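Remember, it's a predicted structure, so these values are computed and weren't measured experimentally. Below, chains carry the letters A, B, ... as their sequence lines are ordered, and counting in each starts from 1.
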Amino acid sequence: MALELFNTLSGQVEPLFAADGNALRFYCCGPTVYDYGHIGNFRTFLHVDVLRRAIKLHGIGVHHVMNVTDVDDKIIRNASAAGKPIGEYSAKFEKAFFDDMKALSCETPEDIARATEHIPEMVELIQRLAAEDIAYQTEDGSWYFRIKRFPAYGQLSKKDLDGIEDGARIDSDEYEKDSARDFALWKSAKPGETSWDTAIGNGRPGWHIECSAMALKYLGESFDLHAGGEDLMFPHHENEIAQSEACTHKQFARHWFHVRFLLVEGRKMSKSEGNFYTLRDLLLKGYRASAIRFLLLSVPYRQQLNFTFEGLAAETSAVDRLRTFQARVASGIKDGKWPETAADPELSATIRKSGEDFTAALSNDLNTAEARAPIFDLLRAVNTAADQNKLTRADAEATLAVLAQFDTIFSVLEDHDAELTRNALAWAESEGRMADVAPEVLEAFGSSSLSDVDIDALVAERTLAKKQRNFARADAIRNELLEKGILLEDSKDGVRWKRK
RNA sequence: GCACCGGUGGCGAAGUGGCUAACGCGCUGGUCUGCAAAACCAGUAUUCGUGGGUUCGAUCCCCACCCGGUGCUCCA
């Protein structure tokens with residue numbers, strides 16, 4: 001089934017394909033590295049991750065480029081406040097960003113392009129625009145894009161510029177622009193600010209030009225898809241189109257993919273609302289990275305997601321159930337528990353269908369909500385069969401294959417959660433943020449927490465007490481461990497424990 | 001103000017002009033257990049914001065209204 005995706009440019013769901021018949025070339029607007037990434041940022045990147053995984057699942061290669069904006073007003077402001085060069089300042093948050101992406105199991109793009117490493121490309125682009133009289137320089141040395149010279153302006157965000165008042169909102173240092181809507185390509189150097197001395201003057205790039213320059217460099221003048229958060233549609237992406245197409249006279253990106261903003265507890269996430277969360281905040285509160293990923297992907301990308309702590313708890317349970325199920329089926333194969341008899345045709349068909357339904361839902365404009373359903377259908381059908389001793393080895397293996405396919409997209413079945421929480425704890429320690437750590441997290445993962453050896457010893461003591469039918473002692477140990485975040489599970493194969 | 005999106009069970013959420021309105025979480029009951037936990041099973045919306053209309057038939061189409069959210073400026 002062909003992968004179909006909504007295209008902001010056309011306003012329609014369209015088949016997605018690689019124009020060169022080989023790899024699908026796409027660009028995603030990445031982070032501005034001035035602070036730690038928040039869950040809103042990651043909702044976008046997570047859905048872009050699903051997009052790239054879905055493309056690959058359809059047997060199409062990907063060439064994914066993501067930029068890192070490592071120079072802009074906020075970085076300059078924050079770096080200067082911290083008394084650091086902007087490079088040192090932004091490097092810290094760039095590393096944090098990629099660590100977070102990894103924690104959320106996002107695949108790494110084929111190319112990561114930093115703005116500061118592409119100044120010559122940007123300068124060249126501005127020169128080409130200047131040659132066509134589309135870029136012009138103002139008295140202070142800044143360069144602007146003359147929107148009047150690009151009639152298609154507004155095509156992506158469906159804006160009719162004629163209806164917008166010209167002359168509104170004139171910035172004090174932008175008074176020289178021909179039109180208030182003209183946007184900056186290059187900002188002339190200000191005293192004390194980082195700048196580059198180039199053929200078009202001493203200054204630094206405007207925000208939009210980096211993406212045009214880098215996309216054209218890595219993906220060519222015309223490529224398949226361009227992605228980002230919904231807020232970037234205007235003006236950022238509109239400006240990218242204008243700059244690039246005015247220069248190349250070719251269509252920039254064919255397909256545009258925009259991810260909607262999320263709400264937190266029903267409101268727009270903002271620092272003033274007190275509902276602003278970075279990934280690290282959540283990990284320190286004891287929420288698992290896998291549950292965060294699963295929640296952020298639970299609602300299709302074009303739909304507003306309401307991020308709540310109740311939802312996070314729900315997804316934690318859901319991920320646990322899937323993992324337990326996978327372990328049950330896999331260990332049964334290992335132990336030779338599932339007979340190698342003829343498979344029940346009905347069950348085999350159900351297993352096959354769940355895989356098909358999964359890919360069909362995904363092909364349908366990446367309907368991640370719909371794609372989850374068949375996995376739980378599979379879980380129920382196979383568990384029931386296993387309970388009734390009707391699960392065969394062949395069906396068990398087929399089940400694992402479907403789960404693996406599911407996980408090529410959702411990527412939540414492998415459990416790295418404890419390790420990721422420990423990493424976050426280590427970070428909090430090094431940054432002096434221990435006050436943000438929830439007591440339970442400290443209890444379960446902190447330096448004073450029980451070691452595996454301690455736990456095993458207590459578990460052994462409890463098992464002995466149980467054997468002696470000293471249930472009071474056994475229950476006391478169980479409660480003691482529970483208070484420290486250790487959950488015991490008695491099974492026929494012995495006692496398992498896990499950290500909550 | 002203009003524009004856009006949404007309002008489906010306790011919560012989240014999919015979906016369709018007409019079969020029993022997915023799925024997850026929760027809850028209730030059951031199996032298991034020394035008791036629990038975990039796991040598993042079962043049950044859990046005669047109904048899809050309100051009022052009209054179109055239609056043989058609407059949750060799904062049209063109109064109006066109410067509510068929530070978002071964009072029009074930096075933002076993923």
Side-chain angles (χ1 to χ4, degrees), chain A residues 11 28-32 34-35 37-48 72-74 97 157-160 163-165 168-169 171 207 227-236 258-263 266-271 291 294-296 298-322 324-325 327-328 354 357 361 364 367-380 382-388 465-467 469-472 474-475 478-479 481-482 486-492 495-498 500:
Chain A
C28 171
C29 289
T32 300
Y34 68 99
D35 204 345
H38 60 251
I39 53 176
N41 295 314
F42 291 119
R43 157 129 137 130
T44 297
F45 297 123
L46 242 15
H47 278 282
V48 170
D72 93 316
D73 294 344
K74 286 188 287 282
F97 173 78
S157 53
K158 318 283 185 275
K159 283 189 194 303
D160 179 8
I164 298 172
E165 284 269 316
R169 271 191 306 273
D171 230 37
W207 171 34
E230 64 168 336
D231 57 306
L232 298 182
M233 209 163 83
F234 184 87
H236 184 57
H258 291 104
V259 180
R260 275 201 88 173
F261 270 16
L262 53 68
L263 301 177
R267 320 217 124 258
K268 180 170 176 163
M269 179 172 73
S270 73
K271 286 180 178 162
F294 214 39
L295 176 60
L296 289 173
S298 68
V299 174
Y301 75 95
R302 281 208 285 151
Q303 213 61 47
Q304 205 166 45
L305 161 79
N306 185 12
F307 186 99
T308 64
F309 289 101
E310 196 186 341
L312 210 39
E315 298 306 303
T316 305
S317 301
V319 169
D320 261 345
R321 185 148 86 112
L322 290 171
T324 303
F325 171 62
R328 180 186 191 187
S354 72
D357 288 351
N364 177 22
N367 192 333
T368 46
E370 195 184 336
R372 291 162 54 129
I375 302 310
F376 289 95
D377 292 338
L378 173 76
L379 179 149
R380 258 179 290 110
V382 173
N383 267 328
T384 303
D387 284 350
Q388 298 172 350
K466 273 176 66 178
K467 205 170 270 175
R469 303 195 68 79
N470 182 357
F471 295 121
D475 290 353
R478 185 170 64 197
N479 287 333
L481 286 170
L482 185 64
I486 312 296
L487 221 56
L488 296 192
E489 291 172 17
D490 292 342
S491 79
K492 22 193 185 321
V495 185
R496 277 193 305 266
W497 59 263
K498 62 182 179 190
K500 264 200 290 189

Once you round it to whole Å, what is the distance between [atom2] of [N] and [atom1] of [X]?
X      : N     : atom1 : atom2 : value
A/Q303 : B/G15 : CD    : C1'   : 12 Å
A/L232 : B/A76 : CG    : P     : 7 Å
A/W497 : B/A37 : CH2   : C1'   : 16 Å
A/L312 : B/G26 : CG    : P     : 13 Å
A/D72  : B/U73 : CG    : C1'   : 16 Å
A/N479 : B/G34 : CG    : C1'   : 15 Å

Indicate, with a heavy-atom threshold strictly under 4.0 Å, whether [X] touches base, sugar-phosphate, or nothing.
X      : answer
A/A373 : base
A/D320 : nothing
A/H236 : nothing
A/G37  : nothing
A/A369 : base
A/R302 : nothing
A/K74  : sugar-phosphate
A/P31  : nothing
A/L482 : nothing
A/F376 : sugar-phosphate
A/V259 : nothing
A/P235 : sugar-phosphate
A/L263 : sugar-phosphate
A/D73  : nothing

Taking the [atom1] atom of each, how far is [N] from [M], in whole Å?
N     : M     : atom1 : value
B/G43 : B/G10 : C1'   : 15 Å
B/U46 : B/C41 : C1'   : 26 Å
B/U50 : B/G7  : C1'   : 11 Å
B/U54 : B/U44 : P     : 36 Å
B/C4  : B/C63 : P     : 11 Å
B/A42 : B/C5  : C1'   : 38 Å
B/C60 : B/U16 : C1'   : 6 Å
B/C2  : B/U8  : C1'   : 30 Å

So which atom in [X] and which in [Y] form the shortest heavy-atom distance, rounded to 0.1 Å?
X      : Y      : value
A/F234 : A/S157 : CD1-OG, 3.4 Å
A/K466 : A/A474 : CG-CB, 3.7 Å
A/G40  : A/M269 : N-CE, 3.7 Å
A/L295 : A/T308 : CD2-O, 3.9 Å
A/F261 : A/R43  : O-NH2, 4.0 Å

Most 5' of A/T32 and A/L487 on RNA chain B, judged by nearest nucleotide: A/L487
Closest-nucleotide ordering on RNA chain B, the 5'-leading residue of A/A472 and A/G40: A/A472
Nucleotide nearest A/A318 when distance is taken to its side chain, options B/G69, B/G24, B/C74: B/G24
Pair A/D35 + A/K74, salt bridge at N-O below 4.0 Å: no
Could you let me know what [N] is paired to, Watson-Crick or G-U wobble, both distances under 3.5 Å, or none if it's on its own?
N     : result
B/C61 : B/G53
B/U44 : B/G26
B/U33 : none

State whether [X] places a side-chain N or O below 4.0 Å from either non-bridging phosphate oxygen (OP1 or OP2) of [N].
X      : N     : answer
A/K268 : B/C75 : no
A/R380 : B/G24 : yes
A/N383 : B/A39 : no

Non-hydrogen side-chain atoms of A/N364 and A/E370 separated by less than 4.5 Å: yes
Aromatic ring proximity A/F45/A/F97, centre distance under 6.0 Å: yes
